[in-house]
Amino acid sequence: QVQLAESGGGLVQAGGSLRLSCAASGGIFSMYAMGWFRQAPGKEREFVAAVSWSGGSTYYADSLKGRFTISRDNAKNTNYLQMNNLKPEDTAVYYCAAGRVANANRVLTVSAGYAYWGQGTQVTVSS
């Protein structure tokens, strides 16, 4: 059983940056592909970014490429989402997720692929 805990959310002005962290415990972190999703009020949860358990492969939602960067540190059992040039439309609860994969370079881009989820962290971007 893997437990995930997000941190780093908060209130930021448009154009600012935040770095979200997701600390994992209870499993062999390096065998899990990791991802970030977000859910804005009144909207469905959407995919943000994913990273393979090797860290060698990443994938992003098209609309976020160039502004968001996902990474991981397997020695620290933590993955990160660096968010730059934030916009009011980025306001949402951001969720970290973990999914077991057999291939070190596989990324998971749909929520159904993830077995474990964090509680979420609120990101609010003011205009």
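From a predicted model like this one, the values you see are computed outputs, not experimental measurements.
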Considering only distance and modelled atom types, tabulate donor-acceptor pairs under 3.5 Å from the side chains of residues 78-85, sequence neighbours left out.
{"residue": "Thr78", "atom": "OG1", "partner": "Lys76", "partner atom": "O", "Å": "2.8"}
{"residue": "Asn79", "atom": "OD1", "partner": "Trp36", "partner atom": "NE1", "Å": "2.6"}
{"residue": "Gln82", "atom": "NE2", "partner": "Asn84", "partner atom": "OD1", "Å": "2.9"}
{"residue": "Asn84", "atom": "OD1", "partner": "Ser17", "partner atom": "OG", "Å": "3.0"}

Taking every non-hydrogen atom, the tightest pair across Gly9 and Leu20: N-CD2, 3.6 Å

Euclidean distance, Arg19 CZ relative to Ser7 OG, rounded to 0.5 Å: 9.0 Å

Contacts of Asn74 that satisfy side-chain contact (heavy atoms from CB on, under 4.5 Å) - sequence neighbours left out: Phe29, Ser30, Arg72

Interatomic spacing from CE in Met34 to OG in Ser71 - rounded to 0.5 Å: 11.5 Å

Heavy-atom donor-acceptor pair, Ser52 side chain to Arg106 backbone, under 3.5 Å: no

For the student: nearest non-hydrogen atoms of Asn105 and Gly56, plus distance: OD1-CA, 4.3 Å

Worked check of side-chain contact (heavy atoms from CB on, under 4.5 Å) between Gln39 and Glu46: CA-CA 6 Å; Gln39 188 167 18; Glu46 65 174 352; over 6 Å; no

Side-chain hydrophobic cluster, 4.5 Å single linkage: members besides Val101: Phe37, Phe47, Trp53, Tyr59, Val93, Tyr95, Val107, Leu108, Tyr114, Trp117

Heavy-atom side-chain contact between Gln122 and Thr124 under 4.5 Å: yes

Closest heavy-atom pair and its distance - Ala14, Ser127: CB-CA, 4.3 Å

Distance-only donor-acceptor check, side chains Thr91 and Glu89, under 3.5 Å: no

Listed once per pair and sorted, the disulfide (SG to SG under 2.5 Å) pairs that draw on residues 32-64, sequence neighbours left out: none

Of all pairs that satisfy disulfide (SG to SG under 2.5 Å), the ones with a partner from residues 16-107, not counting sequence neighbours: Cys22-Cys96

Greater than 12 external heavy atoms within 6.0 Å of Leu11's CG: yes

Residues which pass side-chain contact (heavy atoms from CB on, under 4.5 Å) with Asp90, listed by chain and number, not counting sequence neighbours: Arg38, Leu64, Arg67, Phe68, Leu86, Lys87, Tyr94, Val125

Validation row: Gln3, Tyr116 side chains within 4.5 angstrom (heavy atoms): no

Separation between OG of Ser57 and CG of Asn103, rounded to the nearest 0.5 Å: 8.0 Å

Between NZ on residue Lys65 and OH on residue Tyr60, distance to nearest 0.5 Å: 10.0 Å

